[in-house]
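The figures that follow rest on heavy atoms only: side chains count, while hydrogens, waters and symmetry mates do not.
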Amino acid sequence: MQNKLFKNKKYLIFMFFLITIGIISGIFYYAFQSNDIKSNIINTISSYNSFKYNAIFKDLIIMSLLLVSSFFIIGLPLGLCFIFYEGLSIGFLISIFLASFKLKGLIYILIYLIINKIITLILMLIFLKKIFNISRYTIGLIIYKNENLLKEKVIKNFINSLSYIIIVFILNIFLYFLSIPIFSKIAFLLH
């Protein structure tokens, strides 16, 4: 495990850098909204009493599109855009809840993100590594034509990618039902 982490150290550093840039961008994006838009967002959030996690179809569709697009080599830039977007949405959510509910809102959204986003994001990073490998090996197949080793690597990464899609799908179903009792218990933070 430690050897795998060391082997993928540059990849992980780059992805965490991209997520961090996304989070900072999300915070700035909220900060640069007009006061009317901020008021509308705060009013909408304040009147909403149940924050139920439901990313089942979003993650399923995005991961499937990334997997298919990896064979056309555009999976690489699309995957990077997706990770940046995830960071941006995290930064935006943190800003919204902090502005709407102050410290209690920050605590609430951090609990929300830890439960609903962290595991999924880690699985997505592993999934994207497989996607990037498929794109890389596909380029190798275009250059070297019938290279059996490259074909085997593409197939192996494809099967691994499918397994991650299934894992994230099951995790999202589990989180959908788990989030209701958890967030109803900590809903007092939003009042």
For the CD atom of E86 and the CG atom of L121, what is their distance to the nearest 0.5 Å? 6.0 Å
So, do I56 and F169 sit near enough that their side-chain heavy atoms are less than 4.5 Å apart? yes
If I take atom CG from residue L113 and atom CD1 from residue I94, how far apart are they, to the nearest 0.5 angstrom? 5.5 Å
Spell out, yes or no, whether I166 and L123 are grouped together once hydrophobic residues are joined by side-chain heavy atoms under 4.5 Å, including indirect joins. no
Student check: side-chain heavy atoms of V168 and F127 closer than 4.5 Å: no
Checking F158 now: which residues fulfil ring pair (Phe, Tyr, Trp, His ring centres under 6.0 Å) with it, not counting sequence neighbours? F71
Please state whether the rings of F101 and F97 are parallel, tilted or perpendicular, taking 30° and 60° as the class boundaries. tilted
Pick from I109, T20, I23: which one makes a side chain to side chain contact (heavy atoms under 4.5 Å, CB included) with I90? I23
Rounded to the nearest 0.5 angstrom, the CE-OG1 distance for M63 and T120 is 9.0 Å
With clusters defined by side-chain heavy atoms of hydrophobic residues (ILVMFWY) lying less than 4.5 Å apart, directly or transitively, does L76 cluster with I143? yes
Any side-chain heavy atom of K156 sitting closer than 4.5 Å to one from N133? no
I83, F17: one ILVMFWY side-chain cluster at the under-4.5 Å cut-off? yes
Check whether Y11 forms a cation-pi arrangement with K129 (NZ or CZ under 6.0 Å from the six-membered ring centre, at most 45° off the ring normal). yes
Quick one: does S135's side chain have a donor or acceptor within less than 3.5 Å of a partner on S70's backbone? yes
Taking all non-hydrogen atoms of both residues into account, name the closest pair between I27 and G91 and its distance. CG1-O, 3.6 Å
Aromatic ring pairing F32/F28, orientation class (parallel under 30°, perpendicular over 60°, tilted between): parallel
If you round to the nearest 0.5 Å, how far is CD1 of I165 from CD1 of I170? 12.0 Å
Mind running side-chain contact (heavy atoms from CB on, under 4.5 Å) on F92 and I41 for me, showing each step along the way? CA-CA 11 Å; F92 193 68; I41 292 170; 4.0 Å; yes
In the single-linkage hydrophobic clustering (I, L, V, M, F, W, Y; side-chain heavy atoms under 4.5 Å), do L178 and I167 co-cluster? yes
Side chains of F84 and L80, heavy atoms from C-beta outward: is any pair under 4.5 Å? no
Shortest non-hydrogen contact between G75 and L66, atoms and distance: O-CD2, 4.0 Å
Might you work through the side-chain contact (heavy atoms from CB on, under 4.5 Å) test for I131 and L67, ending with a clear yes or no? CA-CA 6 Å; I131 294 299; L67 180 57; 3.7 Å; yes
Are any of the side-chain heavy atoms of I73 and I142 separated by less than 4.5 Å? yes
Do Y30 and L98 have side-chain heavy atoms sitting under 4.5 Å apart? no
Are more than 12 heavy atoms, taken from residues, nucleotides or ligands other than Y29, located less than 6.0 Å from that residue's OH atom? no
Minimum heavy-atom separation for K38 and A31, please, with both atom names. NZ-O, 3.0 Å
When clusters are formed by joining ILVMFWY residues with side-chain heavy atoms under 4.5 Å apart, either directly or through shared neighbours, do I61 and F72 land in the same one? no
Quick one: does I182's side chain get under 4.5 Å of I115's, heavy atoms only? yes
State the OG-OH distance between S179 and Y112, to the nearest 0.5 angstrom. 7.0 Å
Do you know the tightest heavy-atom contact between S89 and K117? OG-NZ, 4.2 Å
Checking Y137 against L141 for the side-chain contact (heavy atoms from CB on, under 4.5 Å) test, could you report, in this order, the C-alpha distance in whole Å, the side-chain angles of both residues, the deciding distance, and whether it holds? CA-CA 6 Å; Y137 297 138; L141 281 171; 5.7 Å; no
Closest heavy-atom pair, N157 versus K153, reported as atoms and distance to 0.1 Å, is ND2-O, 2.8 Å
For the atom pair CG (L171) and CD1 (I119), what is the distance rounded to the nearest 0.5 Å? 6.0 Å
